[in-house]
> 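Structure incoming, see below.
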There are 2 protein chains.
Amino acid sequence: MARPRTEMIAKTRAKLIAAGRHAFGRIGYAEASMDDFTGEAGLTRGALYHHFGDKKGLLQAVLLEIDAEMTERLNKVSASAPTRWQGFVDECAAYIEMALEPEIQRIMFRDGPAVLGDISQWQNTPGCIAALSHSLDRLKADGEIIDIDTETAARLINGASSHMALWIANAEKPETVSKRAVAGFRTMLEGLRK
Amino acid sequence: MARPRTEMIAKTRAKLIAAGRHAFGRIGYAEASMDDFTGEAGLTRGALYHHFGDKKGLLQAVLLEIDAEMTERLNKVSASAPTRWQGFVDECAAYIEMALEPEIQRIMFRDGPAVLGDISQWQNTPGCIAALSHSLDRLKADGEIIDIDTETAARLINGASSHMALWIANAEKPETVSKRAVAGFRTMLEGLRK
DNA sequence: ATACCTACATACGTGGCGTATGTAATCGAG
DNA sequence: CTCGATTACATACGCCACGTATGTAGGTAT
């Protein structure tokens with residue numbers, strides 16, 4: 001297994017995903033020319049169409065990669081907190097912070113939904129929502145939060161977080177808005193507690 | 001005032017906005033050909049570029065119209081409720097319901113942010129957020145809700161609502177998901193109450 | 001060893017956006 | 001009332017970018 005042949009293929013795939021991710025993150029999906037960013041990666045569109053079918057296919061692959069990274073980061077955050085509730089709050093804060101990163105914001109929250117439809121239909125629940133959902137499940141089992149459907153709560157928090165992030169990122173004074181947003185967000189989370 | 005000349009101009013503008021709104025709402029911004037939908041309106045792209053500068057300009061005009069309609073609907077809902085709290089809850093429910101309408105969902109929540117950037121920077125706070133904010137202001141003045149920054153709360157609710165709507169709209173069983181979503185949403189709102 | 005297939009590159013057609021230009025109707029000045 | 005200027009569009013053109021069809025070299029299987 002893992003012959004040199006398949007390794008080369010995996011490398012080209014990775015190159016294309018990386019190139020697309022850079023281009024999509026910087027100038028956006030619509031403005032990114034496939035000839036340009038494949039050329040920068042030392043390839044052509046031929047490779048892209050072979051591996052991903054079309055431009056949307058590459059975007060999907062990029063999204064999968066980013067979602068996996070976000071999920072891992074979220075899991076690390078919640079795992080390294082002293083209490084589960086604290087872990088959950090940290091997780092939410094981390095989610096907002098990630099949504100402030102230009103690449104994630106652009107690809108995950110702007111172009112992704114516009115091109116591929118809502119996040120819900122990308123696959124059976126993306127990882128970053130599943131991570132929030134899982135944390136809520138444990139809190140519920142511990143009796144720390146009120147009786148609420150955890151997936152619904154996860155999606156509510158997901159929606160609220162991403163909007164907070166967009167609000168902050170596009171504000172004239174991001175620091176000021178950030179304080180207001182995080183404070184309000186924490187207040188909302190407290191409402192879930194018993 | 002209101003000479004026949006200016007009336008004609010207003011009519012062409014209205015025609016273009018209506019045509020664009022239809023096309024954007026049905027097949028999406030990117031897939032909508034300007035030649036097609038201007039032709040259906042009995043005009044050409046020349047008129048569009050004259051009045052709106054470019055394709056994005058038309059989208060902005062469409063968004064302004066939709067936002068105004070949504071604001072009016074929200075204000076009516078909150079005004080016709082027995083109590084202010086009830087008015088606010090109804091308003092939130094109405095917001096989710098509006099977000100379920102395909103045209104609003106597509107233009108306002110998907111293509112709009114992707115093409116023009118986050119809703120926050122379209123203008124100084126769009127009307128539908130201002131409406132929620134206003135309702136919260138009055139509730140706060142009445143001492144019905146906890147101490148929270150009202151604009152932040154309005155944006156939290158706005159974000160949560162739109163995500164709920166997208167979740168519902170794209171679910172396999174919208175009715176089932178709708179019940180879960182609305183129930184969870186109400187629970188979250190109750191957390192704002194004193 | 002040879003025939004096939006995979007993984008790309010190259011070449012081409014098409015469609016759609018933006019712009020530059022044309023034109024008819026209207027408005028304002030004298 | 002007349003004539004120049006401006007407005008409100010339509011027409012024509014160029015360019016870019018996507019997708020597809022085709023070509024090809026290297027690896028794979030038997």
Side-chain angles (χ1 to χ4, degrees), chain A residues 1-63 107 111-112 114-117, chain B residues 1-63 107 111-112 114-117:
Chain A
M1 292 300 118
R3 276 95 50 101
R5 169 79 158 178
T6 50
E7 278 179 26
M8 290 308 297
I9 296 171
K11 278 200 174 183
T12 37
R13 275 186 63 97
K15 275 186 200 171
L16 288 171
I17 291 177
R21 181 170 172 172
H22 253 103
F24 295 160
R26 293 188 66 85
I27 59 176
Y29 177 82
E31 309 304 319
S33 161
M34 295 165 74
D35 280 323
D36 289 351
F37 69 75
T38 53
E40 286 171 15
L43 294 161
T44 68
R45 279 183 313 159
L48 194 150
Y49 278 98
H50 178 71
H51 285 293
F52 303 102
D54 61 354
K55 201 181 180 183
K56 288 184 182 180
L58 177 63
L59 178 62
Q60 205 161 17
V62 169
L63 279 166
I107 300 177
D111 292 344
V115 176
L116 300 177
Chain B
M1 293 303 117
R3 278 95 50 102
R5 168 80 162 178
T6 51
E7 277 179 26
M8 289 309 297
I9 296 172
K11 277 200 174 184
T12 40
R13 275 187 63 97
K15 274 186 203 172
L16 288 170
I17 291 177
R21 181 170 172 171
H22 254 103
F24 295 160
R26 293 187 66 84
I27 59 176
Y29 176 83
E31 309 303 319
S33 160
M34 296 165 74
D35 280 324
D36 289 351
F37 69 75
T38 53
E40 285 171 14
L43 294 162
T44 68
R45 279 183 313 160
L48 194 151
Y49 278 98
H50 178 71
H51 285 292
F52 303 102
D54 61 353
K55 202 181 179 183
K56 288 184 183 181
L58 178 63
L59 178 61
Q60 205 162 16
V62 169
L63 279 166
I107 300 176
D111 292 344
V115 176
L116 300 176

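Letters A, B, ... mirror the listed sequences (proteins, then strands); counts begin at 1.
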> Nearest 0.5 Å, please: how far is CG in A:Leu43 from CE in A:Met34?
12.0 Å
> Measure the distance from NZ on A:Lys56 to P on D:dC18 and round it to the nearest whole Å.
13 Å
> Any side-chain N or O of A:His51 below 4.0 angstrom from OP1/OP2 of C:dA7?
no
> Calculate, to the nearest 0.5 Å, the distance between atoms CZ and CG belonging to B:Arg45 and B:Asp54 respectively.
12.0 Å
> Whole Å only: how far is the CD1 atom of A:Ile27 from the P atom of D:dA17?
9 Å
> Return the value, rounded to whole Å, for the distance between atom CG of B:Leu16 and atom C1' of D:dA10.
13 Å
> What residue pairs, at least two apart or across chains, pass ring-ring contact (aromatic ring centres under 6.0 Å, His included) with a residue in residues 39-59 of chain A?
none
> Contacts to DNA chain C from residues 38-49 of chain B, heavy-atom cutoff under 4.0 Å, which residues?
B:Arg45, B:Tyr49
> Measure NZ/B:Lys55 against P/C:dT19 and give the value in whole Å, please.
15 Å
> Are any of A:Thr12's side-chain N or O atoms less than 4.0 Å away from OP1 or OP2 of C:dC8?
yes
> How many whole angstroms separate atom NE2 of A:His50 from atom C1' of D:dT24?
14 Å
> Could you give the OH-to-P distance, from A:Tyr29 to D:dA17, as a whole number of Å?
14 Å
> Tell me what B:Ala30 touches on the nucleic acid: a base, only sugar-phosphate, or nothing, going by heavy atoms under 4.0 Å.
nothing
> Taking NZ from A:Lys15 and P from C:dA9, how many angstroms apart are they, rounded to a whole number?
9 Å
> Give me the ring orientation class for B:Phe37 and B:Phe24: parallel if the planes are under 30° apart, tilted from 30 to 60°, perpendicular past 60°.
perpendicular
> Starting at atom CG of A:Asp35, determine the distance to atom C1' of C:dA9, rounded to an integer number of angstrom.
12 Å
